[in-house]
Amino acid sequence: MGGTPEVGYGIKRLRPTTPAFDRLKDESRLEGYWMLVRLADGWASGRNKFLKRGEALFGAWHGAELAGVCGLNIDPYVEGRDQGRVRHLFVSAPHRRAGLGRMLVETVIDRARRYFTVLNTRAPQEAFGFYERLGFRRVEGEEFVTHRMVFGKGN
């Protein structure tokens, strides 16, 4: 689509129980990505409803169309509750390269700063540059983390 993402898009909290979410989930699955299927399964089973302290699930809307999704959880791969994790980022193909992924992750970062000392993600190789441009630092030698953002003075 191109253009400025702020024009025509709105980000708000999301419950993945709508037909708009089902369409996005089907698109992701057809592209070989299973994160939205896992998100829906976790929500339906009650394992992950993004309700713990600091957690949230966001949807980016373009009119009535759900154009993207990104969540924030307490990182389940570390001890304690002071580390957050970017979860389930997906942007619909017609809305890619318009800054929407950046908007979604920046929304997660803004929320994470208030609740966590660290924000982790495990990104596919093709997304490394994306996360690094947002200020994440590459992590070596950790099975479940490829990138991390540490919050502190000056951040």
Side-chain angles (χ1 to χ4, degrees), residues 1-77 83-116 118-138 144-149 151 155:
M1 285 191 72
T4 305
E6 290 79 13
V7 177
Y9 289 101
I11 294 182
K12 57 186 175 183
R13 297 285 292 266
L14 175 69
R15 295 171 57 91
T17 56
T18 67
F21 178 81
D22 289 340
R23 285 189 290 277
L24 196 64
K25 178 181 69 173
D26 291 345
E27 178 185 341
S28 73
R29 186 179 45 76
L30 289 171
E31 289 186 12
Y33 298 110
W34 292 88
M35 75 281 278
L36 298 188
V37 172
R38 290 191 306 271
L39 189 162
D41 291 348
W43 185 279
S45 73
R47 277 189 327 270
N48 187 5
K49 291 204 172 213
F50 297 86
L51 295 175
K52 295 176 184 159
R53 182 181 175 280
E55 295 185 335
L57 179 63
F58 297 101
W61 295 86
H62 187 258
E65 180 185 7
L66 183 59
V69 175
C70 190
L72 171 63
N73 281 129
I74 294 170
D75 194 326
Y77 300 105
Q83 295 189 35
R85 186 171 195 87
V86 177
R87 301 298 294 272
H88 309 300
L89 174 63
F90 184 80
V91 174
S92 180
H95 300 278
R96 292 179 191 153
R97 315 277 333 147
L100 196 53
R102 177 184 54 79
M103 253 177 86
L104 282 161
V105 175
E106 286 177 346
T107 300
V108 165
I109 291 168
D110 288 344
R111 182 172 179 88
R113 281 183 200 284
R114 294 183 302 206
Y115 295 96
F116 303 108
V118 169
L119 183 60
N120 297 318
T121 193
R122 180 169 57 182
Q125 180 76 40
E126 61 269 16
F128 280 16
F130 168 78
Y131 282 101
E132 290 162 14
R133 284 188 298 277
L134 286 169
F136 285 81
R137 301 264 188 251
R138 196 171 303 188
F144 297 107
V145 179
T146 61
H147 290 80
R148 174 172 289 136
M149 180 177 283
F151 304 121
N155 280 352

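Given the structure is predicted, the values throughout are model-derived calculations rather than measurements.
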Would E31 and K25 satisfy salt bridge (Lys or Arg N to Asp or Glu O under 4.0 Å), going step by step from the backbone distance to the final call? CA-CA 10 Å; E31 289 186 12; K25 178 181 69 173; over 6 Å; no
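- A donor-acceptor pair is defined here as one N or O able to donate and one able to accept, closer than 3.5 Å; such a pair exists between the side chain of T146 and the backbone of A123.
- The backbone N or O of Y9 lies less than 3.5 Å from no partner atom in the side chain of H62, so there is not a single donor-acceptor pair.
- With hydrogens and angles disregarded, no donor-acceptor distance shorter than 3.5 Å links the side chain of Q83 to the backbone of F116.
- Remark: the backbone N or O of M103 is not paired with any side-chain donor or acceptor of E106 at under 3.5 angstrom.
- Side-chain contact annotation: S45 with R47, donor-acceptor N/O pair under 3.5 Å present.
- Applying the ring-ring contact (aromatic ring centres under 6.0 Å, His included) rule to F144 yields the partners Y77; only residues at least two apart in sequence or on another chain are considered.
- Nearest heavy-atom pair across L39 and L57 is CD1-CD1, 3.8 Å.
- Annotation: side chain of R85 is in contact with side chain of V145 (closest heavy-atom distance under 4.5 Å).
- Looking at heavy atoms from C-beta onward, C70 lies out of side-chain contact with T107 at the 4.5 angstrom threshold.
- There is a side-chain donor-acceptor pair under 3.5 Å between R148 and N120.
- Ion pairing of R38 with D41 is absent here, as no side-chain N (NZ or NE/NH1/NH2) approaches a carboxylate O to less than 4.0 Å.
- Between G68 and L100, the shortest heavy-atom distance links the atoms N-CD2, 4.5 Å.
- A cation-pi contact, defined as under 6.0 Å to the ring centre and within 45° of the axis, links R96 to F90.
- A salt bridge is absent between D26 and R23; no separation between the charged side-chain nitrogens and carboxylate oxygens falls under 4.0 Å.
- Side-chain atoms of R102 do not come within 3.5 Å of backbone N or O of L134 as any donor-acceptor pair.
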